[in-house]
Every structure is written in structure tokens, then in C-alpha cells.
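These notes concern the structure reproduced below.
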Number of protein chains: 2
Amino acid sequence: MSTRDTVLAAAQRLLATDPTAPMAEIAAAAGVGRATVHRHFASREDLLHEIGRRSLDRWAESMTEAGVAGAVASADPALIRACLDDMIGRFVVDADEYGIALTDPTVVNGPALRERADALFAEEVTLYAAAQAAGVLRSDVAARWLGHSLYGLLVAVRDALVAGDIAARDAQDLVRSTFLEGGAAR
Amino acid sequence: MSTRDTVLAAAQRLLATDPTAPMAEIAAAAGVGRATVHRHFASREDLLHEIGRRSLDRWAESMTEAGVAGAVASADPALIRACLDDMIGRFVVDADEYGIALTDPTVVNGPALRERADALFAEEVTLYAAAQAAGVLRSDVAARWLGHSLYGLLVAVRDALVAGDIAARDAQDLVRSTFLEGGAAR
DNA sequence: CTCATATGAGACAGTGAAGTCTCACTAGGA
DNA sequence: TCCTAGTGAGACTTCACTGTCTCATATGAG
């Protein structure tokens, strides 16, 4: 792994728990001199921006790999449901690695990133809308609300993992099950 | 409203979206001089601590008013369900007014606040556990996970409101319904 | 009116982090 | 061997924020 990637990885890990961690700490966590960090990222903002960009890349990638576009186009309930399960699983993994961007406004800072995040969310919502049309998801709530609620569950996973209340291997099924079936007894 | 309360309210509102907002911005948002803020709160940490304390107060108050202790003691499914609905509604209102700062390390900073937050969460979880025992909530997931997922939905509400995707008056029912029934079609 | 209290505005110094720069060292290729 | 690129360490400047202070002003009670 290149020095640049080492720094990025360390920064992602560190900033997830402390978004205000100074550059010196990030450098130390990466096992690198402070000057070296600045050789690869002109400013702190540059570093944050790059993390945000990568997070969005991963988000887009996960939707592509889950076959969101195809599932939406198919309008097939079984395919949509499978795509949904797949995508949720990928999101849980992503959130674990790229979790910072979840709640921190300092990461997705620029208007360009903001706009791209909105576009990705809109793409994600097309799946929810298709799922509603196909009878997979309920239609009495806004498709965008379903998107927000899944996002909220990803935040919940992070908190639960930090608190040690769930096992990492259970996270995916927990989110899928809670997102789809809720918490009420059957 | 006293100047002190004005500052606190402004700080809560501002710090909910930007926990690093400088004192000058907080003062400006409160329509007050920077020196005045320092007259009421010796340091920034004091201010944050007070916000954290008040938020936890409100949390505790909401659980008391919802009758959590009584519902748990009763073990009555109907009462527990009513208490749950009541509590969720209060939490949605609280989250709107007090921000979601309860997991932000910059707000809940001291070990004392941290400990109290843990205790309150534990108290909340007793309701989920009682609900599981009474057949109101599903028992195949950890009670603490249910707590985290509700918190996640509160985050979702905030985001959805900011994005303009839901109406404030729908928030309570949306959270109740999503928390209990999930997003799958019936 | 008089006075006490609270405030706004602004000046001030201290602090910590960001960013720049230099210099010496190391590894690897020509 | 020599040279180049990348690095660590550290000095240094700049800057934003914090916290303190002073002084003039407003407001309300007596």
C-alpha cells in the first residue's frame, strides 16, 4: 500500500471516532511524519475531501455491484428483493470502513461532493420506488424516507458495534431484518 | 427567556449541525455579544457540559413522563405498547429540539455525562426487554439493538427533515410505524 | 433621579494547530 | 559509485479561536 493510501486509511479510521483529530495524530496513526502527510495532501481540507470522494466512490460502486439499475429496470419483485438484500449487505460493510462520512458534515464539504451525494441518494431511492411499485416495500411512506431510515440503521450499527452490543458478523442480517420487518413481534 | 437560556438554545441548535462552531458564531446566533456568553459560561467546555446535562435531563424526563418504570413493572402488553408509542413520540420531539448530540463525543464529554447516558440507555432498554417478554417486540434480536435502531431512526428523521423529505407533523407516526413494522410491504 | 446590574463592543494576550521550509537520511535504480 | 525520489525530524510563521479585560451604554428598581 502506498504511503498516500496508508495515510488515507489511518485518517478514515481515526476521524470516525474523532472528527477533530489534528493532523499530527493522523500522521502518527499512519506511522508517518507530519510533513509527509502534507506532501500528499496540501491541506486538511484536501484530505477530508479525498476521503469524502472515496466514500462516494464506494457508495456508487456498491450500488452498481448490487445491480440496482438492472433490478429497477426489470420491475421483477424477486430480483428487486435480492438486489435490496445485496445492497444492504454491502452498505453495512461500507459503513464499517467508511463510516466517517455518515454523520460528519466536514467530510462531504464542498458543493460538488454534496451534489454527488444527492445524486447517489436519488439513484438509491429509485430502487425503493421500484420496490414499492413491485410490492416489495410498503407504499404508504415516502421512498426517500425509506432511504433515510436505512441510513439511520447504519448509524445504529456503528453505535451498536462501538458499544459492543452486537457482533460484527450479525450486523448485515440485523439491518436487513430490522429495515424490512421492524421491531414488533409477529 | 433569560439570556442564559437564549444562549443555550442557540448553541444547541447550532452545534447540532456543526459541533465545532466557534463561540463567536454561537454568540451571534443567540443575538448576544461574545463576552456575554463567557459571563454565563466560563469556558466552551462549560457550555457543552451544560447542554449535555440538559439533554440528558430531558431524556430522563421523557421516559418518566411516558411511564416507562410503571409499564415495565406491570408486564402488561397493552400498557407497554402504549408506553412505547408515547415514549417514541416524545423522543422525536426531543430530538428535534435538543439535537441528536447524545452520541457526539464533543457534547457528552465528561465521564460523568457518559456514565449517566449509559444508565439512561440501560433504563430505556428495560422497556424493550419488558416488551419482548410481553410479546410486544420481537425477541430474536438484542433489546439493546432495538434501542440503537430507534436512535438511528431519530437520526433519519433529522436528515429527512433537513432534506425536506417528510413533514414535521408526520415524523412521530413515521418513526413509530417504521420502528415497529419496518419497510416491507404487508 | 440614582444606582446597580447586565450588556455590547472592542482590545489584548495566550494557545494550539496548520502549513511551509530546510536538512539529513535511506532505498533503489542507472 | 552516484543520483534521485521519498521520507522523518524539527524549526518556523501564520492564523483562528479562546478567555480576560475595560469601558460606555441601556434598563429597571428604588
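Order of the sequence lines sets the chain letters (A, B, ...), proteins ahead of strands, with each chain counted from 1. All values below come from the heavy atoms of this structure, side chains included, with hydrogens, waters and symmetry mates left out.
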**Item:** A/E45 CD to C/dA17 P, straight-line distance once rounded to whole Å
**Value:** 19 Å
**Item:** Interatomic distance where CZ belongs to B/F41 and C1' belongs to D/dC17 [whole Å]
**Value:** 19 Å
**Under 3.5 Å donor-acceptor, B/E97 side chain and B/A9 backbone** = no
**Message:** Looking at A/R186, I want to see if its CZ is surrounded by more than 12 non-hydrogen atoms of other residues, nucleotides or ligands under 6.0 Å.
**Reply:** yes
**Request:** Round to a whole Å and report the spacing from CE of A/M23 to P of D/dA16.
**Result:** 17 Å
**Prompt:** In Å, rounded to the nearest 0.5 Å, how long is the span from CG of B/L48 to CD of B/Q12?
**Reply:** 11.0 Å
**Asked** At under 4.0 Å, does any side-chain N or O of A/T36 touch on OP1 or OP2 of D/dG8?
**Response** yes
**Request:** Give a yes/no on whether any side-chain N or O of A/H40 is located under 4.0 angstrom from OP1 or OP2 of D/dT7.
**Result:** yes
**Request:** Kindly check if the number of other-residue, nucleotide or ligand heavy atoms within 6.0 Å of CD (B/E65) is above 12?
**Result:** yes
**Item:** Selection from D/dT18, C/dG19, C/dG10 that lies nearest to any side-chain heavy atom of B/A35
**Value:** C/dG10
**Message:** Any N or O donor-acceptor pair under 3.5 Å from the base of D/dG19 to the side chain of B/R39?
**Reply:** no
**Request:** Starting from P on D/dC17, measure out to CG on B/L47 and report it in whole angstrom.
**Result:** 16 Å
**Prompt:** Which of these nucleotides, D/dT7, D/dG19, D/dC12, is closest to any side-chain atom of B/R44?
**Reply:** D/dG19
**B/D5 CG to C/dT7 P, straight-line distance once rounded to whole Å** = 12 Å
**Item:** base_contact_polar (C/dG10 base, B/R34 side chain, donor-acceptor, <3.5 Å)
**Value:** no
**Request:** Can you tell me the distance, in whole Å, between the CZ atom of A/R4 and the P atom of D/dA5?
**Result:** 19 Å
**Asked** Think B/S43 has a side-chain N or O under 4.0 angstrom from the OP1 or OP2 of D/dT18?
**Response** no
**Aromatic ring pairing A/F91/A/W59, orientation class (parallel under 30°, perpendicular over 60°, tilted between)** = perpendicular
**Message:** Looking only at the side chain of B/H38 (C-beta and beyond, no hydrogens), which of the listed nucleotides C/dT7, D/dG8, D/dG19 gets closest?
**Reply:** D/dG19
